[in-house]
Amino acid sequence: MTGRQRLARILVRLYPSAWRREFGVEFTDLLERSPLDVPRVVNVLLGAAGERAVQLIRRMTGGNTMNNGAFEARYDGLAWILSLVLVVVLLTIPLLMLGSG
């Protein structure tokens with residue numbers, strides 16, 4: 001196994017297991033054939049963090065509804081997009097600060 005293959009498999013393992021079951025094989029293959037430079041690795045790390053955040057939100061809300069059933073609220077497309085953008089921005093700020101220091 002080459003270093004690139006090993007790194008690709010490590011990066012894919014950062015994603016939630018449900019995501020890996022659906023996309024893991026193809027994504028691993030894509031990463032193994034791509035140059036794994038710093039911007040690409042950072043992009044994969046942010047993607048994994050975003051997927052983990054989505055998984056956490058789903059777990060906290062019992063899927064798309066509130067846990068107690070007294071109040072039902074669903075995320076619309078805009079709420080999901082804004083949530084993901086916020087997660088990416090909040091994860092990017094520390095990385096930029098580390099890079100400028």
Without swapping roles, check the side chain of Tyr15 against the backbone of Ala49 for a donor-acceptor pair under 3.5 Å. no

Closest non-hydrogen contact found for Arg6 with Met1 is NH2-O, 3.3 Å

Test of understanding: clusters of I, L, V, M, F, W, Y form through side-chain heavy atoms closer than 4.5 Å, transitively. Do Leu46 and Leu31 belong to the same one? no

A side-chain contact here means heavy atoms from C-beta on lying under 4.5 Å apart; do Ile81 and Val85 qualify? yes

How many angstroms lie between CG in Leu84 and CD in Glu51, if you round to the nearest 0.5 Å? 7.5 Å

Taken to the nearest 0.5 Å, the spacing of Asn43 CG from Asp37 CG works out to 10.0 Å

Distance col, row Leu91:CG vs Leu45:CG, nearest 0.5 angstrom, shows 10.0 Å

Of all heavy-atom pairs linking Val87 and Ala53, the shortest is CG2-CB, 4.0 Å

Which atoms form the tightest heavy-atom contact between Leu36 and Val41, and what is the distance? O-CG2, 4.0 Å

Would you please classify the geometry between the Phe23 ring and the Trp19 ring as parallel, tilted or perpendicular, with 30° and 60° separating the classes? tilted

Closest non-hydrogen contact found for Thr92 with Val88 is OG1-O, 2.6 Å

Rounded to the nearest 0.5 Å, the CD atom of Gln5 sits from the CG atom of Asp29 at a distance of 10.0 Å

Output for pair (Glu32 CD, Thr2 OG1), nearest 0.5 Å, gives 7.0 Å

Do you know which two heavy atoms are closest between Pro35 and Arg40, and how far apart they sit? O-NE, 2.7 Å

Can you see which heavy atom on Glu26 is nearest to which on Glu22, and at what distance? OE1-O, 3.8 Å

Measure the shortest side-chain to side-chain distance between Met97 and Pro94 over non-hydrogen atoms and say whether it is less than 4.5 angstrom. no

Is it true that Val38 and Leu95 fall in one hydrophobic cluster, defined by side-chain heavy atoms closer than 4.5 Å? yes

Do Leu30 and Leu7 belong to the same hydrophobic cluster, where Ile, Leu, Val, Met, Phe, Trp and Tyr are linked whenever their side-chain heavy atoms lie under 4.5 Å apart, directly or via other members? yes

Between Leu11 and Leu14, is any pair of side-chain heavy atoms under 4.5 Å apart? yes

